[in-house]
Amino acid sequence: MAHSTDAERMEKIVSLCKRRGFIFQAGEIYGGLNGVWDYGPLGVELKRNLKDYWWRRTVQQRDDIVGIDGSILTHQAILVASGHVGGFSDPMSDCLLTRARLRADQIEPQSGPVHSYTGARHEASGWSTSRSFSVLRRQGEDENKARKTARQFYHQFRGSHDIGEKEIELLGESVEEVTDSTRFNPANGALLTEPREFNLMFQTKVGASADENDPNAVAYLRPETAQSIFTQYRNVSDSTRVKLPFGIAQVGKAFRNEINPRNFTFRSREFEQMEVEYFCRPEDGLRLTDEWLEQRLKFYEEIGIPRDQLHVLDVPEKDRAHYSKKTYDIEYAFPFGIQELEGVAYRTDYDLSKHQQHSGRPMDYFDDQTKERFIPHVVEPSAGVDRTVLALICQAYDEEQVDDGKGGSETRIVMRFAPRMAPVKVGVFPLLKNKPALVGKAREVRDLLQPFMTVFYDEAGAIGRRYRRQDEAGTPFGVTIDFDTLGENDPALKGTVTLRERDSMSQQRVPIDELLPRLLEAIR
RNA sequence: GCGGGUGUAGCUCAGUGGUAGAGCACUUCCUUGCCAAGGAAGAUGUCGCGCGUUCGAAUCGCGUCACCCGCUCCA
């Protein structure tokens, strides 16, 4: 591993992602769209491999889980029932003095005298304003402190530094006692803006000629994939005759209007989730939450993220959603910090109960054996696709010093993806491109492999450069066709090729007939 | 949202008011040869965007967009 700070490492990763075609910024030629990203040719293969493998392990190789693919446009009533409309937003207030942004519902109520002003002026320059401002005088502060804060505000409000704060004259001072007010910044007593609701959902209107003011036309881009599973739970169980415990899986996009997207693709406004809602009897919920945690950790190991790079956070009650009895966060050690990849949450019967209540449709389950009727509980392992792709990229990125053949060393950049995740599985190269026999044979090898895996065929330039280019793409294998393949020098080598392994750079002579079974075994 | 930084060729970057640059990558060709090899030739720019100052702006000012770092936020 190279000796570089984490920020430097992350910059190199972002740079490689663009250079090699993993991830581009959305709308880049128009200056970019904040918090939105496009996947390039290598990125889309990587992402697809991840989703396909998750689907295979979670749905196809199990008898107790079925899949759905729900719509992104979501009926507003669903999100009212789930608590996202109204609840999925944070009231925010800004400090008028420092412009700090605060959660209005988390401000400590304060009491004390409030100094209010109707405006301010600076006689010498003829400047004045009738903008009002107030300051809460906190415990132990005198009147001059409140006036100083007010002068700071007006000085800043004036926007020019040609006069000093102390020269500003405050106008229309009045003092009034308040109790338990959340309208003032606890840090400095300055007045806050009115709390504003920041709705984190993207709203849209359904119907081409929808009336702007028709409340029934409002729909939302889903903020999580889970709700379509809950709302179709009845249809799925009726049409498949599944018995508890069973799960419904989904992979799909979700949208949140994040206040502050950060860390490359980590916090995006448009992102993809892979999740299961696993329905069970109430008494099994806690046990299954632990079982799912173990299964999910195993999954990460299978895609090349070792256990020691993962952290499991047993989310304390105060940080859990109110309906959750138990939540584990599976976190990965990204270069920018330890951050969540997946949440395994025991959501109790909250969601189905809410939808039963709001829709008036029964969501209960009748157990034939025990003759009990109850609303199933739910365990939800919900993973971020884009976050996992980013973790795969960060985990794979490596720089190593290799001998340059001239007595010195040079840096080799190599993406050490697990072969089953690698965007391209094998590179096929004729040693020289100006020899038709080599090129023809190499194309035959490409055609042999291409129906079974992603193959990159490259005949341009020096062979070493072609190998290194594939190292940056994370291609685990390279196959080179040379004159021995044609049987020119030694008849015993006819029909063999060089198989080069990415991580060790070792080479091996392999008969073409053995290539396909060997590679298939290595990438499955 | 606040504060700081950055934005010039595909990539990494140089260029402090006077003709737009380098290295690498890329394209074509040569090479019986395997780890960014050697040689020859070639193409590549809204200097993030807008407005302003100026005879003249990549360079100075204002605004704006995006990314990075710290804070804040993260149902």
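Here is the naming used below: chain letters follow the sequence lines, and residue numbers restart at 1 for every chain.
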request  = Could you list the residues that satisfy side-chain contact (heavy atoms from CB on, under 4.5 Å) with Thr485(A), not counting sequence neighbours?
outcome  =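 Scan of Thr485(A) (side-chain contact (heavy atoms from CB on, under 4.5 Å), adjacent residues dropped) gives Lys441(A), Ile481(A), Asp482(A), Val497(A), Arg509(A), Ile512(A).
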request  = Would you please name every residue forming a side-chain contact (heavy atoms from CB on, under 4.5 Å) with Gln450(A), sequence neighbours left out?
outcome  =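 Result, side-chain contact (heavy atoms from CB on, under 4.5 Å) vs Gln450(A): Arg446(A), Asp447(A), Val455(A).
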ask   = If you check the Lys433(A) side chain, which of C35(B), C11(B), U28(B) turns out closest?
value =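 For the Lys433(A) side chain, the nearest candidate turns out to be U28(B).
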For [X], answer base if it contacts any base atom (sugar-phosphate contacts may also be present), sugar-phosphate if it contacts only those atoms, and nothing otherwise; contact means non-hydrogen atoms under 4.0 Å.
{"X": "Arg466(A)", "value": "nothing"}
{"X": "Gly35(A)", "value": "sugar-phosphate"}
{"X": "Glu224(A)", "value": "base"}

Collect all protein-nucleotide pairs involving nucleotides 68-70 of chain B in which both atoms are nitrogen or oxygen and the distance is under 3.5 Å.
unit_1: C68(B); atom_1: OP1; unit_2: Phe264(A); atom_2: N; d: 2.7
unit_1: C69(B); atom_1: OP2; unit_2: Asn263(A); atom_2: OD1; d: 3.4
unit_1: C69(B); atom_1: N4; unit_2: Arg262(A); atom_2: NH2; d: 2.8
unit_1: G70(B); atom_1: O6; unit_2: Arg262(A); atom_2: NH2; d: 3.0

All salt bridge (Lys or Arg N to Asp or Glu O under 4.0 Å) counterparts of [X], not counting sequence neighbours:
{"X": "Arg19(A)", "value": "Glu472(A)"}
{"X": "Lys148(A)", "value": "none"}
{"X": "Asp471(A)", "value": "Arg412(A), Arg500(A)"}

task = Check whether any side-chain N or O of Lys435(A) sits under 4.0 Å from OP1 or OP2 of U32(B), and answer yes or no.
result =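 Yes, within the criterion.
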message = If you compare every side-chain N and O of Gln507(A) against the phosphate oxygens of C35(B) (OP1, OP2), does one of them come in below 4.0 Å?
response =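 False: Gln507(A) side-chain N/O out of range (4.0 Å or more) of C35(B) OP1/OP2.
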Produce the list of close N/O pairs, under 3.5 Å, pairing protein atoms with atoms of nucleotides 45-49 of chain B; give distances to one decimal.
unit_1: U46(B); atom_1: O4; unit_2: Ile29(A); atom_2: O; d: 3.3

Side-chain polar contacts of residues 32-40 of chain A - donor-acceptor pairs under 3.5 angstrom, sequence neighbours left out - could you list them?
unit_1: Asn34(A); atom_1: OD1; unit_2: Arg269(A); atom_2: NH1; d: 3.3
unit_1: Trp37(A); atom_1: NE1; unit_2: Phe264(A); atom_2: O; d: 3.3
unit_1: Tyr39(A); atom_1: OH; unit_2: Asp386(A); atom_2: OD2; d: 2.7

inquiry  = Among residues at least two apart in sequence or on other chains, which ones pass side chain to side chain donor-acceptor pair (under 3.5 Å) with Glu277(A)?
reply    =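 Scan of Glu277(A) (side chain to side chain donor-acceptor pair (under 3.5 Å), adjacent residues dropped) gives none.
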key: Pairs where residues 336-345 of chain A contributes a residue and the test side-chain hydrogen bond (donor to acceptor under 3.5 Å, both in side chains) is met, not counting sequence neighbours   =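 Sorted result for residues 336-345 of chain A: Arg296(A)-Glu342(A), Tyr300(A)-Glu342(A).
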request  = Not counting sequence neighbours, list each pair that qualifies as a salt bridge (charged side-chain N to carboxylate O under 4.0 Å, His left out) and has a residue in residues 483-499 of chain A.
outcome  =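 Of all non-adjacent pairs touching residues 483-499 of chain A, none passes salt bridge (charged side-chain N to carboxylate O under 4.0 Å, His left out).
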Atom pairs, protein N/O to nucleotides 22-25 of chain B N/O, distance under 3.5 Å:
none

